[in-house]
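For the numbers below, each heavy atom of this structure counts, side chains included, while hydrogens, waters and symmetry mates do not. Note that this is a predicted model, so its numbers are computed, not measured.
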Amino acid sequence: MNGPKIELTTIPVSQDDISTNLQTGVIVVTEDKLIRILEKDRERTKQNLAWSTPASFLITLIIAILTTEFRMKWGMPAETWQALFYIGTGVAALITLIFVIKMKKKTIEELLKEIKGQ
């Protein structure tokens with residue numbers, strides 16, 4: 001796979017065609033303060049993922065409802081089993097919705113502002 005060789009030094013480039021993005025910012029913060037900020041952000045991230053457990057349960061119940069033919073089992077009629085699955089699906093949907101509403105979104109810019117103390 002020998003392609004044509006290009007000499008980059010022979011390609012003409014004018015000064016107007018060169019863009020630079022070399023701005024540098026320095027943040028000075030103590031280690032313990034940075035640890036506290038990052039621990040708080042890690043807790044927020046854990047709380048934001050709490051919706052996944054009831055959502056998984058909700059998906060499982062929906063699949064069970066769609067694929068199961070309920071029958072009388074352990075002395076309970078089929079309609080009771082079906083009602084229990086519908087109630088469980090409703091509860092799982094409600095809990096999932098509550099966790100999604102309670103999510104705290106934070107951008108990288110907001111985290112940087114907190115680290116900078118702004």
Side-chain angles (χ1 to χ4, degrees):
M1 289 184 55
N2 288 341
K5 292 186 178 183
I6 299 174
E7 290 286 331
L8 294 178
T9 56
T10 61
I11 298 174
V13 177
S14 71
Q15 284 294 103
D16 296 334
D17 292 336
I18 298 174
S19 299
T20 59
N21 186 8
L22 302 175
Q23 298 170 344
T24 302
V26 176
I27 302 171
V28 179
V29 64
T30 61
E31 184 178 347
D32 60 325
K33 186 174 183 179
L34 182 61
I35 289 171
R36 281 196 321 269
I37 291 169
L38 294 176
E39 283 289 333
K40 191 169 88 174
D41 192 63
R42 184 166 52 173
E43 285 301 315
R44 181 194 55 81
T45 303
K46 280 183 191 177
Q47 290 173 356
N48 284 353
L49 294 175
W51 64 270
S52 62
T53 302
S56 300
F57 192 60
L58 173 65
I59 292 169
T60 303
L61 286 171
I62 289 172
I63 291 171
I65 288 171
L66 294 175
T67 59
T68 302
E69 184 178 314
F70 293 97
R71 295 179 290 162
M72 183 167 176
K73 187 77 170 181
W74 297 323
M76 286 180 29
E79 293 80 20
T80 305
W81 283 110
Q82 191 172 16
L84 285 173
F85 272 76
Y86 282 135
I87 291 169
T89 302
V91 169
L94 182 64
I95 293 172
T96 302
L97 184 64
I98 289 170
F99 278 124
V100 168
I101 290 172
K102 290 174 75 174
M103 278 182 19
K104 298 173 187 168
K105 296 177 176 72
K106 185 185 273 189
T107 63
I108 294 294
E109 289 80 19
E110 291 170 332
L111 182 60
L112 276 176
K113 282 183 182 180
E114 188 175 346
I115 292 171
K116 290 177 182 179
Q118 298 175 345

Would [X] and [Y] show up in the same hydrophobic cluster when neighbours are defined by side-chain heavy atoms closer than 4.5 Å?
X: V29; Y: L111; answer: yes
X: F85; Y: V91; answer: no
X: V100; Y: I59; answer: no

I108, CD1 atom: more than 12 neighbouring heavy atoms under 6.0 Å = no
Heavy-atom pair of closest approach, residues A92 and L61 = CB-CD1, 4.5 Å
Compare every heavy atom of W51 with every heavy atom of M103, then report the nearest pair and how far apart it is.
-> SD-CD1, 3.7 Å
Taking only residues two or more places apart in sequence or in another chain, which ones pass side-chain hydrogen bond (donor to acceptor under 3.5 Å, both in side chains) with N48?
-> none
Step by step, would you call K113 with E110 a salt bridge (Lys or Arg N to Asp or Glu O under 4.0 Å)?
-> CA-CA 5 Å; K113 282 183 182 180; E110 291 170 332; over 6 Å; no
Let me have the donor-acceptor pairs involving side chains of residues 62-75, under 3.5 Å, with sequence neighbours excluded, atom names and distances please.
from: T67; atom 1: OG1; to: I63; atom 2: O; distance (Å): 2.7
from: T68; atom 1: OG1; to: A64; atom 2: O; distance (Å): 2.6

CD/E79 to CD/Q82 distance, rounded to the nearest 0.5 angstrom?
-> 7.5 Å
Atom CD1 in I98, atom CG in L94: separation rounded to 0.5 Å?
-> 4.0 Å
Can you give each donor-acceptor pair under 3.5 Å made by side-chain atoms of residues 33-41, sequence neighbours left out, with the distance rounded to 0.1 Å?
from: E39; atom 1: OE1; to: R42; atom 2: NH2; distance (Å): 3.0
from: E39; atom 1: OE2; to: R42; atom 2: NH2; distance (Å): 2.5
from: K40; atom 1: NZ; to: E114; atom 2: OE2; distance (Å): 2.9
from: D41; atom 1: OD1; to: R44; atom 2: NE; distance (Å): 3.0
from: D41; atom 1: OD1; to: R44; atom 2: NH2; distance (Å): 2.8

